[in-house]
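Beneath this line is the structure, given in structure tokens, with notes to follow.
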Amino acid sequence: MRPLQARPRPGRLFSGRRLVIGVPFLFLIVFFLLPFLIVGKISISEMGDVTVKNLMSFADGAITLTIKLSNYVFLAQDDLYFRAYANSLEFAAVTTVVCLLIGYPFAYFMARARSSVQPALLMLVMLPFWTSFLLRVYAWKGLLSDNGLVADVLVRLHLDQLLLAAGLIGEPGRFMNTPFSLMVGMVYSYLPFMILPLYANLAKMDLRLLEAAADLGATPWVGFWKVTVPLSKAGIIAGAMLVFIPCVGEYVIPELLGGPGTLMIGRVIWDEFFSNNDWPMASTVAVVMILLIIVPLAIFNKYQAEAQERR
């Protein structure tokens, strides 16, 4: 006679561990994977009069599967899309570096400030989120326009000559619709996304490590580079990802503050969708943009996990 096996209790299917793991996976499937598959399906479809055609059609008792890959071939051959991708990656990378250079000292100051002052400093960082993103970008449009407050200050300090020599503006005193105005808007808009994870990481750091480094003869500068910066690596990576990823697909800031020489991929997708009414081409551009971001991140996370396992 076979021994009776204990049946799993129904409640085990919804245990706390499975819920904790399953809810994020369900969120990613519903809000990332499914939309990505829909966009991928549109990218290999043909455009009809109003909307895209179905991939599968049934006629005369036969099922026909039509997959159009010409958009991907055209994307690889057209220089316009290459320049848009290159500009998007370049501006996103520069914005990330500038946000790190500005945000790290600010986050460090917040983490080392008195505990009674830290909530006020944190509120100041989050204060711009209380105003509409679009209004904040429009405000910079007025500040950088001719006779604007920031534009006048830059001209009086003769900083426009430096910006002209660096190729960030086209002529002295004209700051709008230039790479400079685009960078100012993107750094201002995404700087809090760099400061917040850095502050959260630095605030948890054990200050006794710095005391130990000082006892071993390290100067404050050496202690900062040898102890503080390595321990804040997770915050740097998190802040860089939070800034870089949305900057690549940014549309509003380049449209309002950028000029003809600041073509980015967000504007290309908009034109393909609404000006050219070419949904498959716009979806192709979006799929390639997502892959340009996801694939390097996946490779980086893989090597990061392997490095942690070897420790």
Side-chain angles (χ1 to χ4, degrees), residues 21-93 95-96 182 186 240-255 258 260-305:
I21 297 175
V23 170
F25 273 98
L26 181 62
F27 180 87
L28 290 175
I29 291 173
V30 173
F31 294 102
F32 175 76
L33 182 59
L34 289 180
F36 179 75
L37 293 177
I38 293 173
V39 173
K41 170 185 172 295
I42 296 175
S43 68
I44 57 176
S45 303
E46 291 186 6
M47 187 67 192
D49 295 333
V50 179
T51 184
V52 293
K53 299 179 181 178
N54 293 325
L55 291 178
M56 300 183 64
S57 60
F58 181 79
D60 299 328
I63 298 178
T64 305
L65 177 63
T66 305
I67 297 179
K68 182 182 179 183
L69 299 177
S70 59
N71 289 329
Y72 289 94
V73 176
F74 181 74
L75 186 68
Q77 297 174 346
D78 196 320
D79 182 62
L80 171 67
Y81 300 104
F82 177 80
R83 287 190 291 107
Y85 283 122
N87 287 341
S88 298
L89 295 174
E90 179 184 358
F91 282 117
T95 301
T96 303
L182 173 62
M186 294 182 71
M241 294 299 102
L242 288 175
V243 173
F244 181 81
I245 293 175
C247 281
V248 173
E250 180 60 53
Y251 167 74
V252 175
I253 299 175
E255 178 68 15
T262 56
L263 178 66
M264 295 182 66
I265 207 64
R267 177 57 189 268
V268 174
I269 295 176
W270 171 275
D271 290 339
E272 294 291 353
F273 261 117
F274 299 101
S275 299
N276 302 334
N277 196 31
D278 192 349
W279 294 15
M281 192 65 213
S283 300
T284 302
V285 175
V287 167
V288 174
M289 181 188 71
I290 294 173
L291 293 178
L292 285 175
I293 298 173
I294 295 298
V295 173
L297 283 180
I299 296 174
F300 173 80
N301 290 332
K302 177 178 180 295
Y303 284 104
Q304 189 79 2

Using the rule given for side-chain contact (heavy atoms from CB on, under 4.5 Å), can you reason through Y81 versus V288, listing the C-alpha separation, both sets of side-chain angles and the distance that settles it, and then say yes or no? CA-CA 10 Å; Y81 300 104; V288 174; over 6 Å; no
As a quick check of understanding, evaluate side-chain contact (heavy atoms from CB on, under 4.5 Å) for K53 and S45, giving each step before the final call. CA-CA 6 Å; K53 299 179 181 178; S45 303; 5.8 Å; no
Using the rule given for side-chain contact (heavy atoms from CB on, under 4.5 Å), can you reason through E250 versus T95, listing the C-alpha separation, both sets of side-chain angles and the distance that settles it, and then say yes or no? CA-CA 12 Å; E250 180 60 53; T95 301; over 6 Å; no
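Within the 4.5 Å cutoff, the side chain of V287 has heavy atoms near those of the V39 side chain.
To the nearest 0.5 angstrom, L28 atom CG is 11.0 Å from L34 atom CG. How far CZ of F244 is from CG of L89: 5.0 Å, rounded to the nearest 0.5 Å. Separating the CG atom in N277 from the CE atom in M47 is a distance of 4.0 Å, to the nearest 0.5 Å. With rounding to the nearest 0.5 angstrom, the CE atom of M281 is 10.5 Å from the CD1 atom of I269. From I67, atom CD1 reaches atom CD of E46 across 11.5 Å, with rounding to the nearest 0.5 Å. To the nearest 0.5 Å, atom OH of residue Y251 and atom OG of residue S88 are 13.5 Å apart.
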Which pairs of donor and acceptor atoms, one on a side chain in residues 69-77, lie under 3.5 Å apart (sequence neighbours left out)?
residue: N71; atom: ND2; partner: S43; partner atom: O; Å: 3.4
residue: Y72; atom: OH; partner: S43; partner atom: OG; Å: 2.8

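F32 and F36 have parallel rings, their planes meeting at less than 30° on a 0 to 90° scale where 60° marks the start of perpendicular.
Contact between T96 and A92 at its shortest, heavy atoms only, is OG1-O, 2.7 Å. Pairing each heavy atom of I265 with each of G249, the nearest pair is CG2-CA, 4.3 Å. When all heavy atoms of G258 and L182 are compared, the pair lying nearest together is CA-CB, 4.3 Å.
Residues passing the salt bridge (Lys or Arg N to Asp or Glu O under 4.0 Å) test with E255 are R267, sequence neighbours excluded. A search for salt bridge (Lys or Arg N to Asp or Glu O under 4.0 Å) contacts involving D78 returns nothing, not counting sequence neighbours.
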